[in-house]
**Q** 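A single structure is presented below for examination.
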2 protein chains.
Amino acid sequence: MIDRIQRLTAYRRSLERLKAAGILRVTSGLLAEASGTSASVVRKDFSVFGLQGKRRGGYGISEVLEGISTILEGVSRQGVVLVGCGNLGQALLRYAGFSGDGLAITAGFDTDPARINRRGKPPILPPGEMSRVISETGATIAIIAVPDFAAQETLNRLAELGIRGILNFAPVHLHAPAGTHVRNVNLEMELEGVAWLASLPAGAPDKEDA
Amino acid sequence: MIDRIQRLTAYRRSLERLKAAGILRVTSGLLAEASGTSASVVRKDFSVFGLQGKRRGGYGISEVLEGISTILEGVSRQGVVLVGCGNLGQALLRYAGFSGDGLAITAGFDTDPARINRRGKPPILPPGEMSRVISETGATIAIIAVPDFAAQETLNRLAELGIRGILNFAPVHLHAPAGTHVRNVNLEMELEGVAWLASLPAGAPDKEDA
DNA sequence: ATCATATTGTTCTCCTTGTCACAATATAAA
DNA sequence: TTTATATTGTGACAAGGAGAACAATATGAT
Ligand SMILES: NC(=O)c1ccc[n+]([C@@H]2O[C@H](COP(=O)([O-])OP(=O)(O)OC[C@H]3O[C@@H](n4cnc5c(N)ncnc54)[C@H](O)[C@@H]3O)[C@@H](O)[C@H]2O)c1
Ligand SMILES: NC(=O)c1ccc[n+]([C@@H]2O[C@H](COP(=O)([O-])OP(=O)(O)OC[C@H]3O[C@@H](n4cnc5c(N)ncnc54)[C@H](O)[C@@H]3O)[C@@H](O)[C@H]2O)c1
């Protein structure tokens, strides 16, 4: 189910590109090609979410985009904070693409005084202000980009403060209390996966994608 | 199958931590707890890869680590280049964790002259030198961290130069020639997934993880 | 030495998810 | 209008992986 939800994000991106190119309708096959899945998956996804097309002319891009926005309405109306503004954290903090989904990072936190910057576009604050900022902004999502040894304590703190969803970049498994959901992005694992695919004999069949 | 391979990386990390803590043997349950899977999965993974334990005392950490290294031997002996040294690219370039797996980034490339730095720890070079560097270092893996509109042409170029595996961070689906494997990391999709989990009613059952 | 028990290795089942197939149907052409 | 056809919507099917269960067995205790 979460895969379907996540694919909506990919569909939206592809549809916006097509719309910007002046196209009004898409077939499941065309959208599949653009977003990297299969026509069957597109149709079933749309079917599950009640997005309807026309038996011949495909799906109306504007209508589908509107439908996706409606579905993700409540999902994307959540504040996001980021903990750990180092190499990776800063990159995420500066990234504009998230706000396209409505999910904008409202503040960053870091223990290193040298990283504090209260006037930043998203400000970077000391962790002592997490409690205040989270309750003031009503943030419910957090990104963890601290070193691995600090990740679990960071999660504990965030969970106490009412954070309900966490995207964790530290390459460790975190233990979360019931009701707090953790999703891991482990780039080492991803790179290793690519390396394995690349090491396969040339004639091997394809079965990847993410 | 690729999931099993990728989990090996997670197992290795957990085992190294346990080893550093002075522990000599692990049970499937303990390792599962540490690396975020289940005991059955650990046992089946190890079984598939021929990593054996003892019917009672669990698995010997050193032996398993050695086994994993052997399995990933050929996989990790590949050079990696990075194209697009912006916010995200720089973070990846500076990250030391990859070399722990043997996969070290040997060079970065960027079109922006201001980013060129030939004396960097991994140097940042103009794309014109890609051909030379890739053939000299024998790199077979690439990371794409360029803006979305430049991703496809970057892939085409890399594929021509013999790159066999690509980790793509641009939020677009790329078309690769046969024999070149692409794996996408779409952080927008990941964050949206977390947001969806967080928006679920509190009592909902768990079914996540990555 | 014998026994009790913890833990592996493997099989089997279930569940999820993508693929296939095809009937339903709207559109365009003749 | 009638017919041909492209494309959706959905039901059935298959593949794969995770989880559960259990027999095999090595270890430690008595
Ligand atoms: N940089 C990458 O490309 C990359 C790749 C894969 C994984 N990761 C993982 O992402 C995480 C961050 O990586 P990085 O390269 O940005 O590391 P980094 O050391 O550059 O940044 C970590 C930041 O976290 C801050 N910090 C430390 N403890 C903290 C705490 N308790 N609360 C708040 N802030 C704290 C530090 O001051 C620092 O600024 C690490 O777990 C790393 O393993 C990074
Ligand atoms: N920064 C993030 O946190 C983040 C998050 C999600 C996705 N992404 C994706 O990752 C990619 C990079 O993001 P970013 O924030 O680093 O962007 P960025 O603009 O900071 O960096 C892009 C870099 O690529 C270089 N570049 C452009 N065209 C090039 C080409 N043809 N060859 C070589 N280099 C080229 C640019 O000079 C620039 O330095 C984008 O596709 C973005 O959508 C980034």
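Note: hydrogens, waters and symmetry copies are ignored here, and every other heavy atom, side chains too, is used.
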**Q** Using every non-hydrogen atom in the two residues, find where B:Ile68 and B:Arg12 come nearest and quote the distance to one decimal.
**A** CD1-N, 4.2 Å
**Q** Which of residues 4-34 of chain A sit near DNA chain C, with a heavy atom under 4.0 Å from it?
**A**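 Residues of residues 4-34 of chain A under 4.0 Å from DNA chain C: A:Arg7.
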**Q** Taking all non-hydrogen atoms of both residues, which atom of B:Ser28 and which atom of B:Arg43 are closest, and how far apart?
**A** OG-NH1, 3.0 Å
**Q** With nearest nucleotide decided by heavy atoms, which residue, A:Asp45 or B:Gly53, maps closer to the 5′ end of DNA chain C?
**A**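 Of the two residues, B:Gly53 wins.
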**Q** Between A:Leu103 and B:Ala195, what is the shortest heavy-atom contact and its length?
**A**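 Shortest heavy-atom contact: CD1-CB, 3.9 Å.
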**Q** Quick one: does B:Lys44 reach the base of C:dT8 with a side-chain donor-acceptor pair under 3.5 Å?
**A** no
**Q** Using a cut-off of less than 4.0 Å, is there contact between a side-chain N or O of B:Ser38 and OP1 or OP2 of D:dG19?
**A**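 For D:dG19, OP1/OP2 do have a side-chain N/O of B:Ser38 under 4.0 Å.
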**Q** In the 5'-to-3' direction, what one-character label does each nucleotide of nucleotides 21-30 of chain C receive under the scheme B = base within less than 4.0 Å of a protein heavy atom, S = sugar-phosphate only, - = no such atom?
**A** B-BBBBB---
**Q** Pick base, sugar-phosphate or nothing for B:Tyr59, based on heavy-atom distances below 4.0 Å to the nucleic acid.
**A**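 The residue B:Tyr59 makes sugar-phosphate contact but no base contact.
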**Q** A:Leu51 CG to D:dG9 C1': how many Å, rounded?
**A** 13 Å
**Q** For side-chain hydrogen bond (donor to acceptor under 3.5 Å, both in side chains), just list the numbers for B:Gln152 and B:Asn156, CA-CA rounded to whole Å, side-chain angles, deciding distance to a tenth of an Å, and then say yes or no.
**A** CA-CA 6 Å; B:Gln152 181 64 59; B:Asn156 296 343; 2.9 Å; yes
**Q** For B:Phe46 and C:dT7, give me the distance from atom CZ to atom C1', rounded to whole Å.
**A**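 Distance check: B:Phe46 CZ to C:dT7 C1' gives 14 Å.
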**Q** Measure from CZ on A:Phe49 to P on D:dT10 and round the result to the nearest Å.
**A** 15 Å
